[in-house]
Amino acid sequence: MTYQVDQSNKIERSGDTVLALSNDIEYTIRIPAREKRRAVEMMTQRRKGRRRKWINLQLFAVALYYLFLKLPTGESAVIDIEYMGHDDNIKSVLLSLLRRDVPDFNADYITFGSIGKK
């Protein structure tokens, strides 16, 4: 069974960001605007010279990580394309996080595609 992941209000925009995992189970993560700002500030100070875009991609991957922890074992998910051309970067960060908890996590379980409004 394939699950779908969608984001509402991108990381770099003001306001809260919500990511949702759905199929036969539904799970959401809300990142309050204040926490996004604090995380970006901390990462900017820690990684001088990193572009804001890369920091936003990393924060997106971390949020995806928490969603994927709720994914039933052996199931795959399609992530809505939010950052065109950066799927490989996001997947790389996400896999490095997931494999700390699940060393044999199958990279094929993560794909990117267009998620419809229905």
Side-chain angles (χ1 to χ4, degrees):
M1 179 177 300
T2 302
Y3 287 77
Q4 296 181 342
V5 177
D6 198 9
Q7 175 181 224
S8 174
N9 197 24
K10 286 186 171 184
I11 299 284
E12 62 271 19
R13 293 190 184 144
S14 63
D16 296 354
T17 294
V18 177
L19 281 86
L21 173 73
S22 66
N23 200 332
D24 65 333
I25 62 167
E26 294 178 356
Y27 187 76
T28 60
I29 293 175
R30 182 179 64 90
I31 309 170
R34 180 188 313 165
E35 297 304 319
K36 287 193 305 186
R37 280 192 304 275
R38 286 180 42 190
V40 168
E41 287 170 11
M42 286 177 49
M43 291 174 77
T44 302
Q45 291 171 0
R46 209 182 261 174
R47 294 181 172 95
K48 298 264 188 243
R50 290 273 185 163
R51 292 190 321 211
R52 179 76 56 120
K53 180 73 169 184
W54 176 246
I55 290 171
N56 292 332
L57 294 175
Q58 286 182 308
L59 288 175
F60 181 58
V62 168
L64 289 171
Y65 161 74
Y66 285 105
L67 281 181
F68 271 74
L69 289 178
K70 299 298 182 180
L71 190 67
T73 304
E75 299 295 342
S76 63
V78 176
I79 302 167
D80 193 31
I81 299 171
E82 301 287 350
Y83 299 97
M84 190 71 71
H86 294 282
D87 298 349
D88 290 340
N89 294 332
I90 295 165
K91 187 173 183 175
S92 175
V93 173
L94 176 57
L95 280 172
S96 69
L97 293 169
L98 286 169
R99 287 187 172 151
R100 291 190 297 179
D101 297 318
V102 184
D104 59 344
F105 189 91
N106 187 342
D108 294 335
Y109 291 168
I110 302 171
T111 58
F112 290 82
S114 183
I115 303 296
K117 296 296 180 193
K118 297 180 181 183

*Just do the salt bridge (Lys or Arg N to Asp or Glu O under 4.0 Å) check on E35 and R38 with the steps written out, would you?*
CA-CA 5 Å; E35 297 304 319; R38 286 180 42 190; 3.6 Å; yes
*Please report the C-alpha distance between I110 and L98 in whole Å, then the side-chain angles of each, then the deciding distance to 0.1 Å, and finally whether the side chain to side chain contact (heavy atoms under 4.5 Å, CB included) criterion is met.*
CA-CA 11 Å; I110 302 171; L98 286 169; 4.0 Å; yes
_Worked verdict on L19 versus Y66 for side chain to side chain contact (heavy atoms under 4.5 Å, CB included)_ = CA-CA 10 Å; L19 281 86; Y66 285 105; over 6 Å; no
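Side-chain atoms of K36 come within 3.5 Å of backbone atoms of R13 as a donor-acceptor pair (strictly under, hydrogens ignored). A distance-only check finds a donor-acceptor pair linking the side chain of N9 to the backbone of D16 [under 3.5 Å]. Side chain of N56 to main chain of I11: no donor-acceptor pair is present (N/O by atom type, distance under 3.5 Å, no hydrogens or angles). No side-chain donor-acceptor contact under 3.5 Å links D6 to the backbone of D80. In this structure, the side chain of E75 engages the main chain of M1 through a donor-acceptor pair within 3.5 Å. Put simply, the side chain of K70 never gets that close to the backbone of Y27: no donor and acceptor are under 3.5 Å apart.
Residue F112 holds its CZ atom at 8.0 Å from CG of D88, rounded to the nearest 0.5 Å. Taking OG1 from T28 and CG from L67, the interatomic distance works out to 8.0 Å, rounded to the nearest 0.5 Å. Between the CG atom of L94 and the CD1 atom of I79 there is a distance of 5.5 Å, given to the nearest 0.5 Å. Summarising the geometry, atom CD belonging to Q58 is positioned 9.0 Å from atom CG belonging to L97; distances are rounded to the nearest 0.5 Å. The distance from atom CD of Q4 to atom OG of S76, rounded to the nearest 0.5 Å, is 10.5 Å. If you take CD on E12 and OG1 on T17, they are separated by 8.0 Å, rounding to the nearest 0.5 Å.
Scanning all heavy atoms of the two residues, the minimum distance from V78 to G113 falls at CG1-N, 3.6 Å. V93 and A61 get closest at one heavy-atom pair: CG1-CB, 3.5 Å. Residue P72 comes nearest to I25 through the heavy atom pair CD-CD1, 4.0 Å, listed as atom of the first residue, atom of the second, then distance.
In the hydrophobic cluster analysis, where Ile, Leu, Val, Met, Phe, Trp and Tyr join through side-chain heavy atoms closer than 4.5 angstrom, V18 is grouped apart from V5. Transitive grouping of hydrophobic side chains (ILVMFWY, heavy atoms separated by less than 4.5 Å) brings L95 and I81 into a common cluster.
Side-chain contact between L57 and F60: absent, with no pair of heavy atoms (C-beta onward) separated by less than 4.5 Å. Taking 4.5 Å as the limit, every side-chain heavy atom of I90 sits out of range of all side-chain heavy atoms of E82. Put simply, the side chain of F105 reaches to within 4.5 Å of the side chain of F68, judged on heavy atoms.
Enclosure of atom CG in D101 by more than 12 non-hydrogen atoms of other residues, nucleotides or ligands within 6.0 angstrom is indicated. Within 6.0 Å of atom CZ in R99, more than 12 heavy atoms from other residues, nucleotides or ligands are found, so the atom counts as buried in its surroundings.
Cation-pi geometry between K10 and Y83 is met: the NZ or CZ atom falls under 6.0 Å from the ring centre, inside 45° of the normal.
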